[in-house]
Amino acid sequence: NHQEATPLRTLLIAESSREVKSISSKFNKSMLSLVRSCQALQRTVAVVATKPAVRSIRHVVVTSHHSYSTTFPCLEETESSTTTAYENYQLNCSKALMKADEGRLFSDIQNDSVSTLEGIGPEKTNALEQLNLATIDKMAASKFYHIAKAIQVMATTAEIQGDRPSASVMNIDQALDKEYETQPFQVVLEAPVSALQGITDEKAETLWKTMGVHTVKDLANLKYFQWAESIVTLGKYEGK
């Protein structure tokens, strides 16, 4: 009886093995379908992501995808099978963007929340929102940043202190507080950021200070505004 049971036992084991393989194959296909759905959702979210809460959803989708790919190697084909016309390109903005956003179009990124920029966490995001600079394109268009940048250019490359013609009418009165209207560019550049007309002392000491901005020069050189401006500018010249 033992000898007769052996072939039956072998048959049952073989059948069980086939069932396990079948179940495993179906499971992997289901997971592959799930990941592809996640990728589709990620692309959709990338278009509408203008608030930190929405960006969090996109982060969960990306994190989930990488987690499944690590657990189930067969799912890696979802990334390797995706091709673009730009595989040989080398340009990148890895220092400026969150990891999940590094491969996107500039023209898409410019509509994102400022939290898409590397280094802007919840505190800075909140400060910028209160300054009505909640998105990258709004940062890029900030009049205070552009005024500060222009003042720095004039102070460092164009001005000779004490060399103003006696009949000159040159001024930037609508950009500066009364106290600084008569000062040379070089002095204004080192002045508190509140020297710019429209920035109150209160906002200078709270919101702008949160951003690391104390002087006009700090604002002109703040990398977040420089990144935002560059993203919007370069987005006009990308292929799609």
Legend entry - Shared hydrophobic cluster, Met98 / Val232 (ILVMFWY, side-chain heavy atoms < 4.5 Å): no

Inset, instruction - Give a yes or no on whether the backbone of Leu176 and the side-chain of Gln197 come within a donor-acceptor separation of less than 3.5 Å. - result: yes

Inset, instruction - Would you confirm whether Asp101, through its side chain, and Leu97, through its main-chain N or O, come within 3.5 Å as a donor-acceptor pair? - result: no

Legend entry - Criterion salt bridge (charged side-chain N to carboxylate O under 4.0 Å, His left out) against Glu229, the qualifying member of Lys149, Lys138, Lys236: Lys149

Inset, instruction - Give the C-alpha distance, both sets of side-chain angles, the deciding distance and a yes or no for side chain to side chain contact (heavy atoms under 4.5 Å, CB included) between Arg164 and Met170. - result: CA-CA 9 Å; Arg164 180 183 172 94; Met170 185 180 293; 3.9 Å; yes

Inset, instruction - Could you walk me through whether Val114 and Thr135 pass the side chain to side chain contact (heavy atoms under 4.5 Å, CB included) test, one step at a time? - result: CA-CA 5 Å; Val114 292; Thr135 58; 5.5 Å; no

Inset, instruction - Please answer: with hydrophobic residues joined when any side-chain heavy atoms are less than 4.5 Å apart, are Leu234 and Ile231 in the same cluster? - result: yes

Inset, instruction - For Glu190 and Thr215, indicate whether the former's side chain and the latter's backbone hold a donor-acceptor pair under 3.5 Å. - result: no

Inset, instruction - Could you tell me whether the side chain of Glu238 and the main chain of Ser107 form a donor-acceptor pair under 3.5 Å? - result: yes

Legend entry - Donor-acceptor under 3.5 Å (Ser142 side chain, Met139 main chain): no

Inset, instruction - Please state whether the rings of Trp208 and Phe225 are parallel, tilted or perpendicular, taking 30° and 60° as the class boundaries. - result: parallel

Legend entry - Non-neighbouring partners of Gln152 that pass side chain to side chain donor-acceptor pair (under 3.5 Å), sequence neighbours left out: Asn221

Legend entry - Leu133 reachable from Tyr224 in the ILVMFWY side-chain graph, under 4.5 Å edges: yes

